[in-house]
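These notes concern the structure reproduced below.
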There are 2 protein chains.
Amino acid sequence: MNALLDFKKIEKISKALGDCYRLKIIEAIRKEQDWMQCGDIVDMLRLSQSTVSHHLKQLTDAELLIAERDGRKTRYMLNKDVFAGFAKFIQAYD
Amino acid sequence: MNALLDFKKIEKISKALGDCYRLKIIEAIRKEQDWMQCGDIVDMLRLSQSTVSHHLKQLTDAELLIAERDGRKTRYMLNKDVFAGFAKFIQAYD
DNA sequence: GCCTCTTATCGAAAATTATCGATAAATTCG
DNA sequence: CGAATTTATCGATAATTTTCGATAAGAGGC
């Protein structure tokens, strides 16, 4: 069951997706089929750790990613429910 | 048949949707079932005409809207194909 | 407790975007 | 042609976002 998203959330999600690095991040996590941690993404992108952390925060604030702390690392994974809800919203214009 | 959208276009579309006024614009056009012109939207939003024109440009540059000049007015309508393509892209993460 | 590993936060600078008023451009009407 | 209507563009300013280095915070291992 995917949640109904209000306009504020749609705006936040759209903003979060409106950056090429953040698109690369979600794409990479999808390809991993599972999860990635911050350091993996720092290695992948040519950005500092603090910048990557910032991008991950945008994505988790928009609930596109779920952050799960495990020991000293944080596992980031896709929140498929929110992607589904967002897709549904977009389809209303189609 | 909806087009396949590359990352650059996805980024542009997401950016275009990442603003509450632009979301209001597409929603209003959808409700009209047809099209709206710039002046209609100026009346609807509390923004200057030049700002509305700017927002409409973002949306048409992202190809979410089709601008069709008719006499001295411009008809803005939804580009359903692009919405469909965008929805399809999002669904890949679901 | 101390050292290491991993991520988050802070503060500042640079880059981008939003907003406006003024003005130009395109078109219709008289 | 001149006036009116509608939209686009320009230039400037304000607001937001991105980026970084430095540093803090949390957790595991010795």
Side-chain angles (χ1 to χ4, degrees), chain A residues 7-29 32 34-79, chain B residues 7-29 32 34-79:
Chain A
F7 260 49
K8 266 276 157 280
K9 282 189 183 168
I10 294 296
E11 185 189 345
K12 203 160 195 177
I13 290 168
S14 301
K15 272 201 171 85
L17 292 175
D19 177 280
C20 72
Y21 292 116
R22 295 195 289 261
L23 288 174
K24 282 176 189 165
I25 290 170
I26 61 169
E27 179 65 8
I29 297 175
E32 289 294 326
D34 202 8
W35 58 270
M36 287 181 83
Q37 68 191 63
C38 183
D40 297 338
I41 296 165
V42 173
D43 293 342
M44 182 181 77
L45 305 173
R46 298 194 146 250
L47 292 174
S48 71
Q49 183 271 322
S50 59
T51 300
V52 169
S53 188
H54 160 78
H55 285 312
L56 288 168
K57 185 165 162 48
Q58 305 302 303
L59 289 165
T60 53
D61 283 355
E63 297 187 276
L64 288 167
L65 294 184
I66 298 169
E68 201 173 71
R69 189 114 201 189
D70 173 27
R72 47 188 162 185
K73 66 171 172 280
T74 304
R75 286 201 272 231
Y76 287 96
M77 58 199 99
L78 299 182
N79 192 347
Chain B
F7 260 49
K8 265 274 156 284
K9 282 189 183 169
I10 294 295
E11 185 189 345
K12 202 160 196 177
I13 290 168
S14 301
K15 272 201 171 84
L17 293 175
D19 178 280
C20 72
Y21 292 116
R22 295 195 289 261
L23 287 175
K24 281 176 188 164
I25 290 171
I26 62 169
E27 179 65 9
I29 296 175
E32 289 295 325
D34 203 7
W35 57 270
M36 287 181 83
Q37 68 192 61
C38 183
D40 296 339
I41 297 165
V42 173
D43 293 341
M44 182 182 75
L45 305 173
R46 297 195 147 249
L47 291 174
S48 72
Q49 183 271 322
S50 58
T51 299
V52 170
S53 189
H54 160 78
H55 286 311
L56 288 168
K57 186 166 161 46
Q58 305 302 303
L59 288 165
T60 54
D61 283 355
E63 296 186 276
L64 288 167
L65 294 185
I66 297 169
E68 202 173 71
R69 188 113 201 189
D70 172 29
R72 49 187 161 184
K73 68 172 172 280
T74 304
R75 287 202 270 232
Y76 288 97
M77 58 201 98
L78 299 182
N79 191 348

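In what follows, chains carry the letters A, B, and so on, assigned in the order in which the sequence lines appear, proteins first and then strands, with residues in each chain numbered from 1. Just the heavy atoms: all of them, side chains too, but no hydrogens, waters or symmetry mates, feed the values below.
Along DNA chain D, the nucleotide nearest to A:G71 and the one nearest to A:Q49 differ in position, and the one closer to the 5' end is contacted by A:Q49. Toward the 5′ end of DNA chain C lies the nearest nucleotide of A:Y76, the other residue of the pair B:H55 and A:Y76 mapping further downstream.
Rounded to an integer number of Å, the gap from CZ of B:R46 to P of C:dT19 is 14 Å. Note: NZ (B:K73) to P (C:dT28) measures 10 Å, nearest angstrom. Straight-line distance from the CG atom of B:D19 to the C1' atom of C:dT19: 11 Å, rounded to whole Å. The OH atom of B:Y21 sits 10 Å away from the C1' atom of C:dT19 (whole-angstrom rounding). For the pair B:R72 CZ and D:dT7 P, the interatomic distance rounds to 10 Å; values are reported in whole Å. Atom C1' of nucleotide D:dT7 and atom CG of B:L65 are separated by 15 Å, given to the nearest angstrom. As a whole-Å value, the separation of A:I41 CD1 from C:dT7 P is 9 Å. Atom pair A:H54:NE2 and D:dT18:C1' shows a separation of 6 Å (rounding to whole Å applied).
When the nucleotides C:dT19, C:dA26, D:dC20 are ranked by their closest atom to the side chain of B:R69, C:dA26 comes out on top. Distances were taken from every side-chain heavy atom of B:S50 (C-beta onward) to each of D:dC10, D:dG26, C:dC10; the shortest belongs to D:dC10. Residue B:T51 has its side chain nearest to C:dC20 when only C:dC20, D:dT19, D:dT7 are considered. When distances are taken from the side chain of B:Q58 to each of C:dC20, D:dT18, C:dA18, the shortest belongs to C:dA18. Distances from the side chain of A:R22 to the nucleotides C:dG21, D:dT18, C:dC10 place D:dT18 closest.
Contact annotation: A:S48 reaches the phosphate of D:dC20 (side-chain N/O to OP1 or OP2, under 4.0 Å).
Residues B:A67 and B:T60 share a closest heavy-atom pair of CB-CG2, 4.0 Å. The minimum heavy-atom distance linking B:L47 with B:V42 is given by the pair O-CG1, 3.9 Å.
The pair A:K24-A:E27 does not meet the salt-bridge criterion, since no charged nitrogen lies less than 4.0 angstrom from a carboxylate oxygen.
Rounding to the nearest 0.5 Å places OH of A:Y76 at 9.5 Å from NZ of A:K57.
Using a 4.0 Å heavy-atom criterion, one finds that B:T74 contacts the sugar-phosphate atoms exclusively. Across all strands, A:L47 comes closer than 4.0 Å only to sugar-phosphate atoms, never to a base (heavy-atom distances). B:Q37 comes within contact range of the sugar-phosphate backbone alone, with a heavy-atom separation under 4.0 Å but no base atom that close.
In this structure, a donor-acceptor pair under 3.5 Å is absent between the side chains of A:S50 and A:S53.
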